S.K.: 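Okay, here's the structure, questions in a sec.
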Amino acid sequence: MKMNYLSQFANTLHQILHQELDLSTIELLIEKPKNADFGDYAFPCFQLAKSRRQAPPLIAKKISEEISSPLIEKAEAVGGYVNVFLTKKTVTQKVLSTILTGKQHYGSSTIGQNKVVTIDMSSPNIAKPFSMGHLRSTVIGNALAKIFQKCGYETVKINHLGDWGTQFGKLITAYKKWGDEKKVKKEPIKELLSLYIQFHSEAEGNPSLEDEGRAWFKKLEDGDAEALALWSWFREESLKEFNKIYQLLQVDFNSFAGEAFYNDKMDVVVNLLEEQGLLMESNQAQVVDLQDESLPPCLIKKSDGATLYATRDLAAALYRKNNYQFEQALYVVGNEQSLHFKQLKGVLRKMNFDWADSLVHVPFGMMLKDGKKMSTRKGKLILLEEVLSESISLASRNIEEKNPSLTQKEVVAKQVGVGAVIFHDLKNFRMNDIEFSLEDMLRFEGETGPYIQYTNARACSILRKGNWNGSDGTQINFESPAHWEIISLLKEFSDIIQTSLKKYDPSQIAKYAIDLARAFNQYYSVVRILEDNHELQARLALVYCVTVVLQESLRLLGIEAPQEM
RNA sequence: GUGCCUUUAGCUCAGCUGGAUAGAGCGACAGCCUCCUAAGCUGUAGGUCGGAAGUUCGAAUCUUCUAAGGCACGCCA
């Protein structure tokens, strides 16, 4: 049975109010006061005041006198509000025993049972370094996958590698003109990137280079042996480097089917569009008109017959629908591509696919440098690998300074350093642009990943020392407001997970984890947990429950939780 | 020019299905380790919620207008 204290309060009100308001309206009206003095839930009476034509405080007083429920300790009227205080003993007992039984499954649900969600994420471009921008897609997608799994969904994480497109024509052109095989073998990404940059700077004074690049891409699409050989070499070298980063981040994929994978699947799409009379010619190119969706036309084939991004994404959408039967298909891709996804859905709707609207673009703001977008072509970018290694070495220095006797220092430094970077990315709402700041990213104090990890590690340490015997929290001292704050947060966990699922927003969980960690740290500073009295085991039960939920929150964000640090 | 996003404390951001004195962290200043990991805790200072009008008993939150910044607008992805 699902516990939900808010809806139980709503039920109680519903009975008191008879038919005046329906249950769902009441649930919507109930709020959580920001101030603890106002209790755990509050019901504003202003709407009733209108229909009853009575003063709100009068109504509040009347309702508060009628409230009677074993879960409610006290109800008082303040202004036009009915403020309700939950029965701390009962609720504490219920919350703790639920967590004690459920352990890491606490907060799980089955709403996604037998449903598949595909997640298009990470998707770095071959022959380019893994930049900070790709980090966002990777960690947001990874967290969403874990959140969906927690809710019973089956997830398919797809790394839609940018391994096809005109850029490879450009790269081949550049390599053939200025490339050096030995150099590329030695430092593939660096060398390929500098060739790519050189191409663009030379092309500024020599536009015919662009045509050459396009021509090489056409050759690639037509199966030219030399082009293909170079392409697969570039791809292989790049993947090796990406895998190093994925290993560090502990992110894995169910599929690496990138753009090239769809090469032989695009004719079907183009034919389908043709059959349905959706394709029209415009300046020698083939487009689907989307005027009735008030969108610019979607380009399907270039004037030279080569395909485009949209063509491949259409093929990919069809393939994924057939192959995975998804209920939702998420695309964790930057905000700047929102038009593309609108067009994609528009075309699918025109093709009469009723599942067109189950494609969900999960956009995110971009990583800015000096207030501007970072550009690969101009070589203005920050390498994730460097950021991660700096973060890890900072964590390492911290360990030497604060806990030099720690065992497995290297493992923990990695967990903390990487955790800091991931958390920094996930703690804010994804649509916000982020101005790149190494200083912010490598901060380990305050609202950071290490803060939560540290809180958990301290709690774990207490459990080790206290010899917790597994008993529940029935003996706990209810007079401490610090304790109640923890319980109050613990009981919200599953609601938080639901919200972050609905909004595709991992930051909800990150913020929750901060709140819970803070509540625990306050408790820790006020109450001596290991004090040997009759409540010791009960306090340990509370501490244990905190570690369960903190660890689970971190896990959902893709961050590890060391037992010691 | 059109569309989308953003604008809340010095900085980074919560709060946004309308509700009670607008909250954190960082930075600044002042405290707390004879006691469970000080990567912690406590306190002080700091706000015309970009601006204007409207809807409402009530607006940071909804609507319209407007300003600033960012991004995107067919042969890149």
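All values below were derived from every heavy atom in this structure, side-chain atoms included, with hydrogens, water molecules and symmetry-related copies excluded. Protein chains get the first letters and strands the later ones, always in sequence-line order, with residue 1 at the start of each. This one's a predicted model, so the numbers in the text were calculated from it and none came from an experiment.
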S.K.: Any donor-acceptor pair, under 3.5 Å, between the side chain of A:Thr166 and the base of B:rC76, if you only look at N and O atoms?
M.R.: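 Checked by distance alone, the answer is no.
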
S.K.: Which one, B:rC41, B:rC36, B:rA72, comes nearest to the side chain of A:Ser525?
M.R.: B:rC41

S.K.: Does the pair A:Lys350/A:Asp289 count as a salt bridge with the N-to-O cut at 4.0 Å?
M.R.: no

S.K.: Please say which of A:Leu299, A:Ile300, A:Leu295 ends up in a side chain to side chain contact (heavy atoms under 4.5 Å, CB included) with A:Val288.
M.R.: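 One option only clears the test, and that one is A:Ile300.
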
S.K.: Answer yes or no on whether A:Lys265 is positioned over the face of A:Phe261, meaning its NZ or CZ is under 6.0 Å from the six-membered ring centre and within 45° of the axis.
M.R.: yes

S.K.: Classify the glycosidic conformation of B:rC33 as syn or anti, calling it syn when the angle lies within 90° of 0.
M.R.: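 Nucleotide B:rC33 adopts syn.
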
S.K.: If each of A:Met366 and A:Phe217 is mapped to the nucleotide of RNA chain B with the nearest heavy atom, which maps nearer the 5' terminus, i.e. the 5' end?
M.R.: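 Result of the comparison: A:Met366.
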
S.K.: So does A:Asn335 get a side-chain nitrogen or oxygen closer than 4.0 Å to the phosphate oxygens (OP1/OP2) of B:rU6?
M.R.: no

S.K.: Looking at every strand, decide which applies to A:Glu435 at a 4.0 Å heavy-atom threshold: base, sugar-phosphate, or nothing.
M.R.: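 No contact.
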
S.K.: Is any side-chain heavy atom of A:Tyr512 closer than 4.5 Å to one of A:Asp515?
M.R.: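 With C-beta onward as the side chain, the pair stays apart.
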
S.K.: With a 4.0 Å cut-off on heavy atoms, is A:Phe46 in touch with a base, just the backbone sugar-phosphate, or nothing at all?
M.R.: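 It contacts base atoms.
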
S.K.: Taking only the C1' atom of each, what is the distance from B:rU55 to B:rA45 in whole angstrom?
M.R.: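 Going atom to atom, C1' in each nucleotide, I get 38 Å.
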
S.K.: Look at all strands and tell whether A:Leu394 reaches a base, only sugar-phosphate, or nothing, counting heavy atoms closer than 4.0 Å.
M.R.: nothing

S.K.: Measure from the side-chain heavy atoms of A:Gln522 and tell me the nearest of B:rC36, B:rA14, B:rC41.
M.R.: B:rC41

S.K.: Hey, can you pull the residues of residues 309-316 of chain A with a non-hydrogen atom under 4.0 angstrom from RNA chain B?
M.R.: A:Tyr309, A:Arg312

S.K.: Can you check the A:Leu28 CG to B:rC16 C1' distance for me, whole Å?
M.R.: 14 Å

S.K.: Without decimals, in angstroms, what is the distance between A:Leu339 CG and B:rC73 P?
M.R.: 7 Å

S.K.: Among B:rC4, B:rA39, B:rU17, which nucleotide sits nearest the side chain of A:Ser338?
M.R.: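 Of all the options, the side chain of A:Ser338 is nearest to B:rC4.
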
S.K.: Remember a base hit wins even if backbone is also touched, and classify A:Val526 as base, sugar-phosphate or nothing at under 4.0 Å, heavy atoms.
M.R.: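 Contact class for A:Val526: none.
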
S.K.: Select base, sugar-phosphate, or nothing to describe what A:Val527 touches, counting heavy atoms under 4.0 Å on all strands.
M.R.: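 Base, at least one base atom sits under 4.0 Å.
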
S.K.: Indicate the ring-plane relationship of A:His200 and A:Tyr196, choosing parallel, tilted or perpendicular according to the 30° and 60° boundaries.
M.R.: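 The arrangement is perpendicular - the two ring planes meet at more than 60°.
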
S.K.: Searching all strands shown, indicate the nucleotide that pairs with B:rU2 (Watson-Crick or G-U wobble; both distances under 3.5 Å).
M.R.: B:rA72

S.K.: Please classify the nucleic acid contact of A:Leu308 as base, sugar-phosphate, or nothing, using heavy-atom distances under 4.0 Å.
M.R.: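 Result for A:Leu308 = sugar-phosphate.
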
S.K.: Quick one: does A:Val270's side chain get under 4.5 Å of A:Leu279's, heavy atoms only?
M.R.: yes

S.K.: Would you indicate, yes or no, if B:rA77 has its OP1 or OP2 atom less than 4.0 angstrom from a side-chain nitrogen or oxygen of A:Asn125?
M.R.: no

S.K.: Are A:Glu560 and A:Lys414 within salt-bridge range, i.e. N to O under 4.0 Å?
M.R.: no

S.K.: Kindly point out which of B:rA39, B:rA77, B:rA20 is positioned nearest to the side chain of A:Val78?
M.R.: B:rA20

S.K.: Without decimals, in angstroms, what is the distance between A:Phe341 CZ and B:rA77 C1'?
M.R.: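 For the pair A:Phe341 CZ and B:rA77 C1', the rounded distance is 10 Å.
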
S.K.: Give a yes/no answer on whether the side chain of A:Arg214 brings an N or O atom under 4.0 Å of OP1 or OP2 in B:rC76.
M.R.: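 Affirmative; the distance criterion is met.
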
S.K.: Applying the Watson-Crick and G-U wobble criteria at under 3.5 Å, what pairs with B:rU12? Answer none if nothing qualifies.
M.R.: B:rA24

S.K.: Atom OG in A:Ser122, atom CZ in A:Phe256: separation rounded to 0.5 Å?
M.R.: 8.5 Å

S.K.: Given A:Thr307, which of A:Lys302, A:Gln286, A:Glu259, A:Glu221 fulfils the side chain to side chain donor-acceptor pair (under 3.5 Å) condition?
M.R.: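 Single pass found, and it is A:Glu221.
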
S.K.: For B:rG23 versus B:rU6, give the span between their P atoms, rounded off to a whole number of Å.
M.R.: 23 Å

S.K.: A:Lys511 near the nucleic acid: base, sugar-phosphate alone, or nothing, with a heavy-atom cut-off under 4.0 Å?
M.R.: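 Result for A:Lys511 = sugar-phosphate.
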
S.K.: Under the criterion side chain to side chain contact (heavy atoms under 4.5 Å, CB included), which of A:Leu220, A:Ile126, A:Leu171 is the partner of A:Trp231?
M.R.: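 Checked A:Leu220, A:Ile126, A:Leu171 against A:Trp231; only one passes side chain to side chain contact (heavy atoms under 4.5 Å, CB included): A:Leu220.
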
S.K.: Counting any heavy atom closer than 4.0 Å, what does A:Pro33 reach on the DNA or RNA strands: base, sugar-phosphate only, or nothing?
M.R.: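 If one applies the 4.0 Å heavy-atom cut-off, A:Pro33 turns out to touch a base.
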
S.K.: Tell me the interatomic distance from A:Gln167, atom CD, to B:rC75, atom C1', rounded to whole angstroms.
M.R.: 15 Å

S.K.: For nucleotides B:rU17 and B:rC26, find the distance between their P atoms and express it as a whole number of Å.
M.R.: 28 Å

S.K.: Under 30°, 30 to 60°, or over 60°: which ring-plane class applies to A:Phe130 and A:Phe242, parallel, tilted or perpendicular?
M.R.: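 Ring orientation of A:Phe130 relative to A:Phe242: perpendicular.
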
S.K.: Whole angstroms only, please: what is the NZ-P distance between A:Lys342 and B:rC5?
M.R.: 7 Å

S.K.: Give none if B:rG18 has no partner; otherwise give the nucleotide forming a Watson-Crick or G-U wobble pair with it, both distances under 3.5 Å.
M.R.: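 Its partner: none found.
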
S.K.: Answer with base, sugar-phosphate or nothing: what part of the nucleic acid does A:Ser123 contact at a heavy-atom distance below 4.0 Å?
M.R.: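 Since no nucleic acid heavy atom lies under 4.0 Å of A:Ser123, the category is nothing.
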
S.K.: Can you give one letter per nucleotide of nucleotides 21-28 of chain B, 5' to 3': B if a protein heavy atom sits under 4.0 Å from the base, S if only from the sugar-phosphate, - if neither?
M.R.: B--BSS--

S.K.: Mind telling me whether A:Trp164 and A:Phe217 have parallel, tilted or perpendicular rings, with 30° and 60° as the class edges?
M.R.: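 A:Phe217 and A:Trp164: perpendicular rings.
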
S.K.: With distance as the sole criterion, do the side chain of A:Asn83 and the base of B:rA20 form a donor-acceptor contact below 3.5 Å?
M.R.: yes

S.K.: Rounded to the nearest angstrom, tell me the gap between atom CZ in A:Arg136 and atom P in B:rC71.
M.R.: 15 Å

S.K.: If you measure from the C1' atom in B:rG25 to the same atom in B:rG15, how many Å do you get, rounded?
M.R.: 15 Å

S.K.: Starting at the 5' end of RNA chain B, which residue's closest nucleotide do you reach first, A:Glu401 or A:Val287?
M.R.: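 With A:Glu401 and A:Val287 compared, the 5'-side residue is A:Glu401.
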
S.K.: May I ask you to say what A:Gly162 touches in the nucleic acid, namely base, sugar-phosphate or nothing, with a heavy-atom cut-off under 4.0 Å?
M.R.: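 Counting heavy atoms under 4.0 Å across all strands, no contact is made by A:Gly162.
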
S.K.: Report yes if a side-chain nitrogen or oxygen of A:Lys50 is closer than 4.0 Å to either non-bridging phosphate oxygen (OP1 or OP2) of B:rC57; otherwise report no.
M.R.: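 Yes, A:Lys50 has a side-chain N/O under 4.0 Å of OP1/OP2 on B:rC57.
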
S.K.: What nucleic acid atoms does A:Glu564 come within less than 4.0 Å of, heavy atoms only: base, sugar-phosphate, or nothing?
M.R.: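 Base: the residue A:Glu564, judged by heavy atoms under 4.0 Å, touches a nucleobase.
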
S.K.: Looking only at side-chain atoms of A:Ile462, point me to the closest of B:rA72, B:rC36, B:rG40.
M.R.: B:rC36

S.K.: Roughly how far apart, to the nearest Å, are B:rG47 and B:rU12 at atom C1'?
M.R.: 16 Å

S.K.: Taking NZ, NE, NH1 and NH2 as the nitrogens, is one of them in A:Arg235 or A:Asp163 under 4.0 Å from a carboxylate oxygen of the other?
M.R.: yes

S.K.: How long is the line joining CD1 of A:Ile529 and C1' of B:rG40, in whole Å?
M.R.: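 In whole Å, B:rG40 C1' and A:Ile529 CD1 are 13 Å from each other.
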
S.K.: Tell me what A:Ala42 touches on the nucleic acid: a base, only sugar-phosphate, or nothing, going by heavy atoms under 4.0 Å.
M.R.: base

